[in-house]
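In this text the structure is predicted, and so the values were computed from the model without any measurement.
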Amino acid sequence: MAQLEGYYFSAALSCTFLVSCLLFSAFSRALREPYMDEIFHLPQAQRYCEGHFSLSQWDPMITTLPGLYLVSVGVVKPASWIFGWSEHVVCSIGMLRFVNLLFSVGNFYLLYLLFRKVQPRNKEYF
């Protein structure tokens with residue numbers, strides 16, 4: 001039965017990733033320019049992506065910590081070195097949005113772990 005749970009989780013994670021990719025593709029095609037609060041966050045994330053971490057360049061309209069920007073740089077910079085992508089591609093709005101897609105899959109996995117912690121398996125039934 002534990003093996004089936006692994007198959008179910010893999011199927012659910014794959015479906016979640018597929019649906020997320022389809023939504024990502026649809027939104028990226030429809031919204032080529034920054035949308036809503038991306039107007040503030042995108043330029044800041046692009047400055048971080050270019051290696052400008054100075055506090056003097058921080059946008060005062062942003063009230064959140066720079067964690068997502070730093071993680072984005074940690075994801076997209078190695079990808080640029082591995083695949084040989086240009087700075088323009090790596091720091092583009094699409095690539096920075098893609099990091100959020102990866103976070104959504106990670107959140108699904110964390111939700112699964114939390115569910116397993118809250119609802120442990122009852123061994124009497126298995």
| task | Give the C-alpha distance, both sets of side-chain angles, the deciding distance and a yes or no for side-chain contact (heavy atoms from CB on, under 4.5 Å) between His41 and Thr64. | result | CA-CA 10 Å; His41 292 286; Thr64 57; 3.7 Å; yes
| request: Check whether any side-chain heavy atom of Pro34 sits under 4.5 Å from a side-chain heavy atom of Ile93, and report yes or no. | output: yes
| Spacing of OH belonging to Tyr112 relative to NZ belonging to Lys117, to within rounding of 0.5 Å |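 Answer for the OH-NZ pair, Tyr112 versus Lys117, is 13.5 Å.
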| Say you draw a straight line from CZ of Phe53 to CG of Leu70; how long is it, rounded to the nearest 0.5 Å? |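 Rounded to the nearest 0.5 Å, the CZ-CG separation comes to 6.5 Å.
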| field | Arg97 CZ to Ser72 OG distance, which is reported to the nearest 0.5 Å | value | 13.0 Å
| Check: Ser10 main-chain N/O paired with Ser14 side-chain donor or acceptor under 3.5 Å | yes
| query | Does the side-chain contact (heavy atoms from CB on, under 4.5 Å) test come out yes or no for Phe108 and Ser104, once each step is laid out? | reply | CA-CA 6 Å; Phe108 184 85; Ser104 74; over 6 Å; no
| said: Test your reading of the model: is there a side-chain donor-acceptor pair from Ser92 to the backbone of Val89, 3.5 Å cut-off? | reply: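 Yes, because the side chain of Ser92 sits within donor-acceptor range (under 3.5 Å) of the backbone of Val89.
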| request: Check Leu101 against Ser20 and note the closest heavy-atom contact, atom names and distance. | output: CD1-O, 3.3 Å
| said: For residues Phe24 and Met36: do they belong to one hydrophobic cluster (side chain heavy atoms under 4.5 Å, members Ile, Leu, Val, Met, Phe, Trp, Tyr)? | reply: no
| Joint cluster assignment, Phe9 & Val105, ILVMFWY side-chain distance < 4.5 Å | yes
| Side-chain heavy atoms of Pro43 within contact of Asp59, under 4.5 Å |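 Sidechains of Asp59 and Pro43: no contact.
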| field | Gap between atom CG of Leu42 and atom CZ of Arg47 - 0.5 Å precision | value | 10.0 Å
| query | What do the steps show when you test Leu96 against Gln46 for side-chain contact (heavy atoms from CB on, under 4.5 Å), and what is the final call? | reply | CA-CA 9 Å; Leu96 293 170; Gln46 287 174 330; 4.0 Å; yes
| query | What are the two closest non-hydrogen atoms of Cys49 and Val76, and how far apart are they? | reply |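 So the two residues come closest at SG-CG2, 4.0 Å.
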| Between CG of Leu102 and CG of Asn107, what distance do you get to the nearest 0.5 Å? |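 That separation rounds to 11.0 Å.
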| Check: Ile62 and Tyr69 side chains under 4.5 Å, non-hydrogen atoms | yes
| Hey, what do you get for CG (Leu23) to CG (Leu18), rounding to the nearest 0.5 Å? |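 Leu23 CG to Leu18 CG: 9.5 Å, rounded to 0.5 Å.
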| So Tyr48 and Trp58, would you call those rings parallel, tilted or perpendicular, with 30° and 60° as cut-offs? | perpendicular
| field | Transitive ILVMFWY side-chain link Phe115 to Tyr109, under 4.5 Å | value |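 As far as the 4.5 Å side-chain criterion goes, Tyr109 and Phe115 are not connected within one cluster.
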